Amino acid sequence: MSETRELTCINCPLGCALTVTIDGDTVTVAGNTCPRGEAYGRKEVTDPTRIVTSTVPVDGGDIARVPVKTASDIPKGKIFEVMDAVHTARVKAPVKIGDIILSDVAGTGVDLVAARDVAAV
Amino acid sequence: MIDRDAILKKDHVGVLIIGGGPAGLAAAAAARKAGVDDILIIERDRMLGGILNQCIHNGFGLHTFKEELTGPEYAARFISQIRDLEIPYLLNTMVLSITRDKRVTIIGSRTGIRTISADAIILAMGCRERSRGALSIPGYRPAGVYTAGTAQRLMNIEGYQIGKRVVILGSGDIGLIMARRMTLEGAKVLTVAELMPYSGGLKRNIVQCLNDYDIPLQLSHTVVNILGKERVEGVTIAEVDASRKPIPGTEVTYDCDTLLLSCGLLPENELTRMLSANMSPVTGGASVDDLLQTDVPGVFACGNVLHVHDLVDYVSEEAALAGENAAAYVSGTYGKGSSDPIDVVEISTDGGVRYTVPQRIHVSRMRDSVTVRFRVADVYRDKTIAVYRGERCLSRRKTRVLAPGEMEQVKLEKKDLLGLTAAEGLRVVLESDTV
């Protein structure tokens with residue numbers, strides 16, 4: 001039983017329309033014009049990942065919210081679980097860029113980190 | 001150490017930079033590295049970094065740093081350079097006026113109103129969004145209509161929730177980014193309508209901001225009515241024909257409380273016009289030479305105030321060049337007072353190339369090579385970008401696809417242009433592939 005998915009490659013402005021067929025353990029990519037399209041199509045159907053960014057409220061800082069991001073990409077299917085966790089977070093100034101805001105966010109094994117400094121006032 | 005009080009009292013600087021966003025920061029760092037001791041950045045916001053502060057998404061700096069940074073992280077790289085190089089700046093300070101003899105009047109709560117003269121000025125004021133008023137959308141004027149960038153600032157910096165059910169007009173990158181951002185914060189984005197038959201946004205944003213969340217993009221559609229007197233209660237969208245006129249009978253009304261507008265960016269050139277600098281009607285920015293100098297000697301422009309860029313990496317690169325050139329102007333190394341008109345060649349365009357920046361070059365004075373950036377008028381497949389000196393082709397590059405949303409560039413080599421005259425001409429054109 002094979003499954004077919006239609007994707008748009010994001011590697012360049014060409015935006016190739018990819019047809020990815022999954023047949024058991026075999027994945028075939030068609031419609032790509034270069035190897036990057038093949039790799040993209042394969043990853044998107046086997047292990048799609050994204051970096052998630054948001055903001056978290058800061059108490060006592062020179063700005064009200066600190067931008068945060070997952071330190072690396074997380075499984076695409078976990079985006080909303082990560083956001084649920086982000087919504088529980090609240091930090092105290094000062095914050096330094098790279099500080100861990102939540103470790104192992106939503107069980108992804110990836111930390112949520114600050115994306116800027118916030119000075120205490 | 002920077003003497004804060006001395007900055008507040010300054011009445012003359014070597015290089016004055018208007019704007020502390022990505023362009024101003026890169027220009028300042030480059031001018032310092034090129035030997036200018038006396039630099040001052042004027043920034044009207046309460047922090048350096050400009051629009052990058054609210055662009056909390058990732059994807060910045062792939063070209064410059066070979067990694068994917070968020071906007072604030074990209075800004076931080078440049079802000080720490082400004083601190084390390086001890087370049088002074090004034091926050092919460094706005095430029096009121098500017099003169100052709102390079103006197104700039106500023107206003108700020110700490111400086112009061114003062115006038116500072118400069119040997120060179122770099123314009124780095126960035127751009128603004130096209131607003132509802134500029135779009136002529138019919139309907140009431142309820143709360144809940146925002147430009148995408150305003151909504152982005154309210155959400156990401158001020159921490160407000162903007163709305164719960166959202167329609168977005170325009171598929172510019174900020175609108176796409178906000179579609180994802182609002183979805184992640186619990187809003188329902190019903191649709192993105194785009195007047196043109198193609199999106200003005202990057203492919204990557206269409207896929208990762210719309211497709212990932214099943215948000216439909218309707219090309220050749222526009223908003224024909226906004227409903228609701230106090231708050232937006234609905235937005236009516238219709239399909240448009242080839243002349244972009246709404247087709248009667250295609251109207252669909254969406255029940256929503258928010259309309260975001262992402263319909264293009266306009267360089268913010270009030271000060272440039274105050275200088276009576278020669279402007280490009282196509283870019284909306286100043287017309288500049290190969291040094292990124294306006295036709296007012298010693299006044300340079302870079303970043304989105306010069307022409308709207310697709311990637312911040314190119315803003316930084318362009319601005320660094322403006323900073324180096326301003327430094328050379330101040331030290332008298334080149335450019336100063338030398339505008340032998342025989343030597344100036346305007347770059348002409350054809351075949352879908354809408355403009356070039358720079359618009360003209362001084363051949364005898366130019367650097368060994370000059371990067372010429374441009375945008376195209378439509379989506380083109382299998383075109384060749386060619387540069388001609390008179391009838392002679394200097395370079396050709398085949399492309400698979402060109403789109404208005406992406407900036408393109410060609411490099412001009414000085415060795416190819418020696419002896420070039422205005423009569424001979426220099427052209428950047430798109431040609432159809434003859435193969």
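As the structure is a computational prediction, the values presented were derived from the model and not from experiment. Within every chain, numbering begins at 1; the chains are lettered A, B, ... in the order of the sequence lines, protein sequences first and strands thereafter.
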Tell me whether A:K76 at atom NZ has more than 12 heavy atoms from other residues, nucleotides or ligands lying less than 6.0 Å away.
yes
So, the part of A:I51 with a heavy atom under 4.5 Å from chain B: the answer is both
Are the side chains of B:H57 and A:K69 in contact, using a 4.5 Å heavy-atom criterion?
no
Does some side-chain heavy atom of B:M155 sit less than 4.5 Å from a side-chain heavy atom of A:R65?
no
Which pair of non-hydrogen atoms, one from A:M83 and one from B:L184, has the smallest distance, and what is that distance?
CE-O, 3.5 Å
Could you tell me the separation between the CG atom of B:N58 and the CG atom of A:D73, rounded to the nearest 0.5 Å?
9.5 Å
Quick check on the interface: out of A:C9, A:A64, A:P48, A:P67, who has the most heavy-atom pairs with chain B under 4.5 Å?
A:P67
Between atom CE of B:M47 and atom CD1 of A:I63, what is the distance when rounded to the nearest 0.5 Å?
5.5 Å
Checking A:I79 against chain B: side chain, backbone, both or neither under 4.5 Å from a heavy atom?
side chain
Between the side chains of A:N11 and B:R204, is a donor N or O closer than 3.5 angstrom to an acceptor N or O?
no
Donor + acceptor pair across side chains of B:R181, A:S54 (<3.5 Å):
yes
Using a 4.5 Å cut-off on heavy atoms from C-beta on, say whether the side chain of A:R50 contacts that of B:R180.
no
Comparing A:L7, A:T8, A:V66, A:V82 against chain B, the one with the most heavy-atom pairs below 4.5 Å turns out to be A:T8
Residue among B:E68, B:R400, B:E158 with most heavy-atom pairs under 4.5 Å to chain A:
B:R400
How close do B:P72 and A:R116 get, heavy atom to heavy atom, and via which atoms?
CB-CB, 4.0 Å
Is the NZ atom of B:K188 crowded by more than 12 outside heavy atoms at less than 6.0 Å?
no
Under 4.5 Å from any heavy atom of chain A - which part of B:I157:
backbone
Honestly, the part of B:Y74 sitting under 4.5 Å from a heavy atom of chain A is neither
Which residue out of B:T70, B:L402, B:N156, B:I56 racks up the most heavy-atom pairs below 4.5 Å with chain A?
B:I56
Around atom CZ of B:F65, are there more than 12 heavy atoms of other residues, nucleotides or ligands at under 6.0 Å?
yes
